[in-house]
**Q** 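Let me begin by handing over the structure; questions about it come next.
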Amino acid sequence: MSQNVYAFTEGHAGMRDLLGGKGANLAELCRLGLPVPQGFTITTQACLDYLKDPKQGLSTDLKTDIQKAIQELEAQTHKQFNQKDQLLLVSVRSGAKISMPGMMDTILNVGLNDENVEALAQMTDNPHFAYDCYRRLLQMYADVVYGLDSQLFEDRLSQARRKEKVTADYELSSQALRDLVADFKTIYQEELNFPFPQDVHQQIYDAVEAVFKSWNNKRARVYRQLHDIPDDLGTAVNIQEMVFGNLGPHSGTGVLFTRHPASGEKELFGEFLVNAQGEDVVAGIRTPQALDEINQQAPQIYQEIESLANKLEAHYHNMQDIEFTIEEGKLYFLQTRDGKRTAKAAVKIAVDMVKEGLITKAEALQQVDAKSLDQLLHPSFTEENLSQAELLSEAGLAASPGAASGAIVFTADKAKDWAEAGKACILVRQETSPEDIEGMTAAQAILTCHGGMTSHAAVVARGMGKCCVTGCHDLNVDEGQGLLHCGDRLLHEGDSISVDGNTGKVYLGHVPSSPSKAGADFEALMTWAREESRLAVRMNAENPQDIQTGFDFKAQGIGLVRTEHMFFQAERLLEIRRFILSSNDNDRHAALERIAGYQEADFKAIFDLSQGQKTVIRLLDPPLHEFLPQDEQEILSLAQSLELSEEALKDRIQQLKEVNPMLGHRGCRLAMTYPELYEMQVHAILAGSRSSQEAGGQDLKVEIMIPLVSLAKELQLLKQRLEETADRYLAEHQMTLSYKIGTMIEIPRACLTADQIAQDADFMSFGTNDLTQMTFGYSRDDAGKFIHQYLADGTLAKDPFQSLDQEGVGALIKLACQKARSAKPDIPIGVCGEVAGDPASIAFFDAIGLDYISCSPFRLPIAQLAAAQASLLNRA
Ligand code: PEP
Ligand code: MG
């Protein structure tokens with residue numbers, strides 16, 4: 001049987017899995033000879049064993065092990081449980097492998113009861129202290145062990161403060177504290193029908209059990225979900241001799257960071273409370289003093305703190321967050337851990353520590369949370385501004401980061417008009433469609449009531465680096481009436497709202513935002529990341545501004561140009577509509593020629609910017625009916641432009657309508673039935689490259705990508721046809737150009753037959769948006785309706801559209817890679833779906849040996865850093 005309990009003297013920092021972060025670090029502090037109160041850690045495994053069947057309570061074996069550890073602790077400290085003249089009291093504290101500050105439970109002063117509290121008062125000659133400890137135990141125990149409402153206790157405390165006309169608990173008289181203890185005990189009796197347990201061993205067992213259970217409390221589960229922490233780690237429990245910061249004016253307790261957690265400046269930063277215990281500093285009831293005041297009052301203690309803090313930082317190679325207590329002038333460290341910090345501070349600290357010779361570049365790269373870089377690259381709302389704002393909804397998904405305020409508009413046209421008139425606006429839609437593209441460009445942010453993380457709005461907004469919240473299902477747009485419903489609340493066009501793309505929340509009114517803050521440290525870190533990364537990182541982009549942004553972030557080429565995004569400007573839309581709707585070949589042909597002209601100019605612009613890097617152009621993907629109008633007014637005006645009867649137009653729209661367009665006539669299937677579409681595009685690609693080369697462009701590396709292939713035969717036929725078109729063009733213009741034709745792998749059947757498909761593919765790129773959709777059978781656009789519940793109840797650990805489902809979709813990708821490489825060992829393979837910007841997914845793609853990832857320009861730094869971290873991890 002595995003060991004349930006480890007004394008601090010038995011462990012070390014490498015035992016986080018078993019001892020949790022706090023336990024492992026306490027053991028390490030002991031090993032380093034720092035002043036640490038002694039104790040022991042009950043393992044995470046013991047917690048997991050307990051959680052299998054909590055109704056059974058703690059096992060007899062575990063209780064025996066706890067008893068033995070207590071006896072050893074008694075011998076070490078020369079104190080004893082329930083021994084009146086040398087009373088041992090302990091803290092019982094949670095500590096998971098990955099720190100989850102404040103999410104799980106802690107109880108201090110365990111071991112006190114009615115009898116020994118009196119002895120403690122006499123022994124210390126300090127009844128105020130003894131009864132303060134006891135009332136705290138009664139309060140914490142009630143909350144943690146029995147789940148009693150803490151307000152019951154807080155109300156009595158405020159009554160006592162009012163009665164004695166004091167503002168802080170520590171100012172209460174000893175008599176008041178004694179009375180409070182009596183009052184608190186009455187609450188137990190009234191609420192539970194039994195008294196507070198006087199048996200100190202029972203107290204320990206109850207506390208341990210409660211801490212085990214707190215692993216599964218709601219806030220801990222939510223925190224784990226937010227921070228991608230697995231649910232099956234369990235928490236360790238640390239039982240540690242109490243030292244007392246509430247013994248009087250020469251005692252106190254505090255928290256410090258070895259560098260500033262917000263700015264990253266190299267300075268001790270902390271807070272301290274005289275005559276206080278444990279949670280008082282974080283609880284915010286009293287305003288703490290700055291750490292510097294210790295320097296004024298007790299400089300030798302400050303120096304000791306400073307030198308030990310520096311020692312710990314050098315030892316851990318990371319900024320530390322340290323809890324300490326001073327008991328009658330003697331300093332103790334109660335815990336140390338890597339400190340939480342803002343993204344700005346993280347980058348500065350990592351780069352500074354490399355410059356100081358404290359850590360290597362590899363360590364610096366691993367210290368920064370890749371996802372947090374979003375905070376640096378987009379505007380955000382400060383906590384302070386948000387605290388004054390009124391929340392409208394928190395039901396939405398944080399689809400694209402950023403923070404923006406503006407007036408509500410319900411149509412893309414309005415967004416365009418208002419933006420042109422210099423008015424900031426937020427485009428609020430039930431869901432967006434490709435026709436909204438110009439309005440989306442014009443708006444400060446996009447908010448939709450439907451749709452998930454890969455819905456049209458989300459994908460397009462991320463591509464633009466624009467703030468976007470999707471799937472805000474408690475809002476409802478009534479476009480006709482120009483109203484936005486949120487429960488009973490009604491908002492009108494022009495009302496001001498603020499959208500937080502970093503959290504998915506929406507606020508009423510204007511909330512000021514702070515601009516992005518990348519700087520020299522950020523540039524240095526990103527350079528190291530690019531040097532370290534094995535995966536090449538390309539961008540998904542099609543318009544010149546986004547492409548420029550991508551190259552500013554040093555993208556290694558363009559991994560996905562979605563050509564349909566070029567079709568939605570008004571004059572082009574008309575031509576594609578003409579192509580779809582005209583009844584004679586001449587008109588269709590003429591329309592196609594005009595579209596080719598537009599595309600050629602677009603491609604030239606892309607190649608001009610491409611810096612001689614690989615550029616993957618994907619041929620048309622969405623079903624044709626997406627280009628057709630939906631509302632009456634637009635249908636009418638289109639009928640007039642095309643000189644068709646309204647009836648005929650409606651009939652044609654009806655014919656093109658599909659029950660399930662995502663699985664319908666789209667992608668390469670369009671080209672199988674309308675070959676001229678892809679031929680026109682390939683022609684335009686070559687014409688665009690020719691103009692770019694003639695204008696002095698660098699050697700171009702053009703890669704043409706065919707979407708939605710499920711049969712090797714589709715690719716074979718289309719590739720042959722397109723090569724003929726291309727070669728004819730090249731011969732006609734006596735031009736040389738190295739071009740490749742490859743395919744997207746985004747259908748499960750394509751994965752299973754990737755060896756056959758590879759025969760005709762010069763390269764492959766996984767489209768994980770469609771592959772996830774089709775593997776799960778979840779519609780990309782409708783999954784928002786149930787995914788949030790699946791996530792809330794743990795049915796799904798993560799949204800598979802945001803972070804690759806490694807077991808399912810990932811297994812298909814891995815298999816497809818193996819098959820493709822068995823047929824063509826050197827075939828370049830990448831991924832261009834949304835998960836290519838997600839760090840956990842990137843680690844997977846690196847591990848299975850993909851060659852590149854491609855994501856929207858504003859996510860490049862995250863992807864580059866995550867790719868570097870993946871290289872370091874997978875190489876290790
Ligand atoms: C995909 O399916 O992952 C992809 C990149 O293509 P799209 O999102 O345009 O369907
Ligand atoms: Mg796709």
**Q** Can a donor-acceptor pair be found, under 3.5 Å and without considering hydrogens, that links the side chain of T258 to the backbone of Q320?
**A** yes
**Q** Please determine if D132 and R135 form a salt bridge, counting it only when a charged side-chain N lies under 4.0 Å from a carboxylate O.
**A** yes
**Q** What are the two closest heavy atoms between T43 and Q3, and how far apart are they?
**A** CG2-O, 3.5 Å
**Q** Is it the case that T325 and T253 place a side-chain donor and acceptor less than 3.5 Å from each other?
**A** yes
**Q** Does the side chain of L268 reach to within under 4.5 Å of the side chain of F257, using non-hydrogen atoms?
**A** no
**Q** Show your reasoning for whether side chain to side chain contact (heavy atoms under 4.5 Å, CB included) applies to L172 and V166.
**A** CA-CA 7 Å; L172 290 168; V166 297; 3.8 Å; yes
**Q** Run L18 and Q45 through side chain to side chain contact (heavy atoms under 4.5 Å, CB included) and show every step you take.
**A** CA-CA 7 Å; L18 201 57; Q45 187 54 49; 4.2 Å; yes
**Q** I'd like to know if the side chain of Q277 and the backbone of L108 have a donor-acceptor N/O pair within less than 3.5 Å.
**A** no
**Q** Can you tell me which residue pairs pass the side-chain hydrogen bond (donor to acceptor under 3.5 Å, both in side chains) test with a partner in residues 21-35, sequence neighbours excluded?
**A** N25-Y316, E28-R31, E28-H315
**Q** Could you state the interatomic distance from CG (D521) to CG (D352), rounded to the nearest 0.5 Å?
**A** 6.0 Å
**Q** Does the plane of the ring in Y141 sit parallel, tilted or perpendicular to the ring in Y146? Use 30° and 60° as the thresholds.
**A** perpendicular
**Q** Are N238 and F40 close enough, and set up right, to give a side chain to side chain contact (heavy atoms under 4.5 Å, CB included), and what steps lead you there?
**A** CA-CA 6 Å; N238 299 290; F40 57 90; over 6 Å; no
**Q** Do Y332 and F324 make the cut of ring centroids closer than 6.0 angstrom?
**A** no
**Q** Working to the nearest 0.5 angstrom, can you tell me the gap between H12 NE2 and C30 SG?
**A** 13.5 Å
**Q** Tell me whether the rings of F212 and Y50 are parallel (<30°), tilted (30 to 60°) or perpendicular (>60°).
**A** tilted
**Q** I239 and side chain to side chain contact (heavy atoms under 4.5 Å, CB included): which partner among I42, T41, V211?
**A** I42
**Q** Could you grab the distance from atom OG1 of T124 to atom CG of L87, nearest 0.5 Å is fine?
**A** 10.0 Å
**Q** Checking T44 side chain against G20 main chain: does a donor-acceptor pair fall under 3.5 Å?
**A** no
**Q** To the nearest 0.5 Å, tell me how far N318 CG sits from E313 CD.
**A** 8.0 Å
**Q** Less than 4.0 angstrom from a charged side-chain N to a carboxylate O is my criterion; do E115 and K84 meet it?
**A** yes
**Q** Any salt bridge linking K213 with D105? Criterion: basic side-chain nitrogen under 4.0 Å from a carboxylate oxygen.
**A** no
**Q** Establish, from distance only, whether the side-chain atoms of Q303 and S307 form a donor-acceptor pair under 3.5 Å.
**A** no
**Q** Charged N to carboxylate O below 4.0 Å: is that the case for K185 and E191?
**A** no
**Q** Parallel, tilted or perpendicular: which fits the ring planes of H201 and F81, with parallel below 30° and perpendicular above 60°?
**A** perpendicular
**Q** Would E154 and R161 pass as an ion pair if we require N to O under 4.0 Å?
**A** no
**Q** Taking the six-membered ring for Trp and the full ring for Phe, Tyr or His, determine whether the centres of F244 and F129 are under 6.0 Å apart.
**A** yes
**Q** Name all pairs fulfilling the salt bridge (charged side-chain N to carboxylate O under 4.0 Å, His left out) condition that reach into residues 295-312, sequence neighbours left out, sorted by first residue then second.
**A** none
**Q** Sequence neighbours left out, what pairs pass salt bridge (charged side-chain N to carboxylate O under 4.0 Å, His left out) with at least one residue falling in residues 240-258?
**A** K79-E241
**Q** Please check if the number of heavy atoms outside K330 that lie under 6.0 Å from its NZ is greater than 12.
**A** yes
**Q** Where do L88 and Q83 land on the side chain to side chain contact (heavy atoms under 4.5 Å, CB included) test, with the steps shown first?
**A** CA-CA 7 Å; L88 174 66; Q83 166 70 250; over 6 Å; no
**Q** Quick one: does R221's side chain have a donor or acceptor within less than 3.5 Å of a partner on N216's backbone?
**A** yes
